[in-house]
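A short worksheet on the structure shown next.
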2 protein chains.
Amino acid sequence: MATGRSHRPATRSRGIPEATVARLPLYLRALTALSERSVPTVSSEELAAAAGVNSAKLRKDFSYLGSYGTRGVGYDVEYLVYQISRELGLTQDWPVVIVGIGNLGAALANYGGFASRGFRVAALLDADASLAGRLVAGLPVRHIDELESIVADNQVSIGVIATPAGAAQEVTDRLVGAGVTSILNFAPTVLSVPDGVDVRKVDLSIELQILAFHEQRKAGETEGRQEPDGDVPAVMPA
Amino acid sequence: MATGRSHRPATRSRGIPEATVARLPLYLRALTALSERSVPTVSSEELAAAAGVNSAKLRKDFSYLGSYGTRGVGYDVEYLVYQISRELGLTQDWPVVIVGIGNLGAALANYGGFASRGFRVAALLDADASLAGRLVAGLPVRHIDELESIVADNQVSIGVIATPAGAAQEVTDRLVGAGVTSILNFAPTVLSVPDGVDVRKVDLSIELQILAFHEQRKAGETEGRQEPDGDVPAVMPA
DNA sequence: ATGTCTTTGTGAACGCGTGCACAAAGATGG
DNA sequence: CCATCTTTGTGCACGCGTTCACAAAGACAT
Ligand SMILES: NC(=O)c1ccc[n+]([C@@H]2O[C@H](COP(=O)([O-])OP(=O)(O)OC[C@H]3O[C@@H](n4cnc5c(N)ncnc54)[C@H](O)[C@@H]3O)[C@@H](O)[C@H]2O)c1
Ligand SMILES: NC(=O)c1ccc[n+]([C@@H]2O[C@H](COP(=O)([O-])OP(=O)(O)OC[C@H]3O[C@@H](n4cnc5c(N)ncnc54)[C@H](O)[C@@H]3O)[C@@H](O)[C@H]2O)c1
C-alpha cells in the first residue's frame, strides 16, 4: 500500500504552475487505465511514456503535489489517482449546463467523457422554442429563459457555450449574471468577462490553421526553396 | 559572440514563434470582421482589443511577418488579411478527411468554419458499413477501406480523427501510412506518430478538468480567507 | 548490517514568451 | 520646410516552463 509517510513539503502546497495543471488530467487518464489493469505501481519513466511527456517534467509536476513516490519503486497508482483527482477537484460533483443544442451541442450532450469524471449535465438550453422538451441524450432541452433559475437551483458554476458566434457574448453575460464562474466556449468569438471568471476556448478552425501553417512549411522545405531570403531581417536603412 | 553554428536550427530559419502562429488566426478573424465593415486601417491598439491580446504583443507578432504598418496611422486591413492568410497557407486549398462519423464527426462535417478558410472536406470515413453512402452535410459517408485511395487521389495531408479512443491509433497509422502529415485528434488518447507528422488534440474532458481545478480554488479562497501569500486553507478529504 | 541497484526529487542552466517603455518613422497641419 | 502628434517597431528585463544531470532515498539481496 501507500507508504503514508506524512512528509509535507511545508511551504509550497499552493501555486501549482498552470502548465502542470493542464497536464494533470493527462496523467490521470493514463493512471486510470493502469488502475483498470490492476497495475499496483508505475515508474515516472513508464507513466511519462504513456502520457506522452518527458519523465523529468512528470516528476517535477508531481513534486508540486507533494512527495508521493517511493525511490527505487515508483508511484502507487491508486494513491496517485486519488491525489490528482482531489487536486483537480474531481472528488466533488460539478453540475454543468450546455447552451446551444445544435449539431455540436447535441454531440457534447452525448459525450460520455462528461459523466466519467465528476461532471454532470444539469441542463441543456436552447433559444429555439421548437426544441423545448425534446430529448437529447436522455435529457429534455429547456428554453433559454430558464437559464437563471436552473443555474441558481442547481448551483451550476460551469457553462458550456455551443451557440452561434453572434449569440455567445449575450449568453455569456447571462451565465455570468446567474452565477457561473467558468465557461468553456466553442463559438469562434472573443468573450469578455469580469475578473474572477475563467474562460477556456476550443476552436477547431484555429487548430486547422495552425496545422496548415506547419504543413505549408513542410511542403516548402521539401521542394526547392523559393523563398527570397534566409534569415536576413527586413530592410535596415542607415 | 559564439560561432552561432550549432546543430539545432530546427525551427529557427524562418522562425515565426509558435505562440505567434497560434495567434495569427485570431488576428485574421478580427481583421476579416473589420474588412467586412469596410474599415480601411486599424491601429495595433484597436486590433489588439478586438482579438483580446496585449497591443505590444500584437505588434511584435506582426514584426515577425515584416513591417506592414505605417507609423502614425496603423495597419492596412486588406493588406494584413492577405499577408496573414498567405503566411498561414490559407491562400491554397487544403483537402481534409474526417474519420469517424458519429455524433461529433457529423457535427464537424456540418461545421461551416471548414469551408470558410481554405479547408475542404474531401471525404467522410467510417468503419460502420451501414453508414456507407448515407449523406452527412451533403457528402456521402465512405467506408474506411477507401482511406488509402482517397488520401492518395486527393492529395490529402490533413486528417481529423473523431473515432472512439480505442480506434484512434490504428486510424492514425493508416492515415500516416497513406501520406497524411497533420492530424487533429478529438479522441482522448495519446497518439504516437513518426517524425515529421504534426498532431494537435482537442480534448473537452481536459478543458473541463482545468476549469474545475480553478473553480475549486476559487471556492476554497472565498470560504477561507483572502490569502496574501502561500499557505492553504486546508482541504480536508473527509 | 552492509552493499548494490533503481528511481525519485530537485538544483541549475537555458530558452521562450510577455509586456514595458521609448526612439524613430511618418502623417498632418501651418 | 518645420513643428507637432500619432503610432509603429523593438531593445530589454523579467518570469515561466523545460530539460539535464545527479545526490540521496529507499528497496532488496546477501
Ligand atoms: N459543429 C462543429 O463541429 C463546430 C466546431 C467548432 C466550432 N463550432 C461552433 O459551435 C457553435 C455551434 O455550432 P453548431 O454546428 O452546433 O451550430 P448549430 O446552428 O447547429 O447550433 C446552434 C444552436 O444554438 C441555438 N442558439 C442560437 N442562439 C441562441 C441563444 N441566444 N441562446 C441559446 N441558444 C441559441 C440554436 O437554436 C441552435 O440550436 C458555433 O458557434 C460554431 O461556430 C462548431
Ligand atoms: N461527442 C463529443 O462531444 C466529444 C467530445 C470530446 C471528445 N469526443 C471524442 O470523440 C470521439 C467520437 O465521439 P462521438 O461522440 O462522435 O462517438 P460516436 O460513437 O458517436 O462515433 C464514433 C464513430 O466512429 C466510428 N468508428 C469506430 N471505429 C472506427 C474505425 N476504426 N475507423 C473508422 N471509424 C470508426 C463509429 O462507427 C462511429 O460512427 C470519441 O473518441 C470521443 O471520446 C467526443
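The chains referred to below are lettered A, B, ... by the order of the sequence lines, with proteins before strands, and numbering in each begins at 1. Not measured: the values here are computed from a predicted model.
- Atom pair E18(A):CD and dT18(C):P shows a separation of 14 Å (rounding to whole Å applied).
- Y68(B) has its ring centre no less than 6.0 Å from the ring centre of F62(B).
- Interatomic distance, OG1 of T20(B) versus NZ of K57(B), reported as 9.5 Å (0.5 Å rounding).
- The nearest whole Å value for the distance from the CZ atom in R71(B) to the P atom in dC22(C) is 16 Å.
- Atom CG of L65(A) and atom P of dT10(C) are 12 Å apart (whole Å).
- Side-chain atoms of Y111(A) and L104(B), non-hydrogen and from C-beta on, never get closer than 4.5 Å to each other.
- Using modelled atom types, one finds a donor on one side chain and an acceptor on the other under 3.5 Å when comparing H214(A) with R217(A).
- Of the residues in residues 40-61 of chain B, those lying under 4.0 Å from DNA chain D by heavy-atom distance are S43(B), S44(B), R59(B), K60(B).
- Comparing dT18(C), dG26(D), dG9(C) against the side chain of R23(B) picks out dT18(C) as the nearest.
- The distance from the CD1 atom of I161(A) to the CD atom of E170(A) is 10.5 Å, given to the nearest 0.5 Å.
- Within a 6.0 Å radius of CD in Q155(A), other residues, nucleotides and ligands contribute 12 heavy atoms or fewer.
- Using a 4.0 Å heavy-atom cutoff across all strands shown, Y75(A) reaches sugar-phosphate atoms only and no base atom.
- In this structure, L80(B) places its CG atom 10 Å from P of dG9(D), rounding to the nearest Å.
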Side-chain donor-acceptor distances from residues 205-213 of chain B under 3.5 Å, at least two apart:
unit_1, atom_1, unit_2, atom_2, d
S205(B), OG, Q209(B), NE2, 2.9
E207(B), OE1, R200(A), NE, 2.4
E207(B), OE1, R200(A), NH2, 3.2
Q209(B), NE2, S205(B), O, 3.3

Name the pairs: protein N/O against N/O of nucleotides 28-30 of chain D, kept only if under 3.5 Å.
none

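- Here I84(B) contributes atom CD1 and Y27(B) contributes atom OH; the two are 8.5 Å apart, rounded to the nearest 0.5 Å.
- We find that CZ of F62(A) is positioned 17 Å from C1' of dG17(D), with the value rounded to whole Å.
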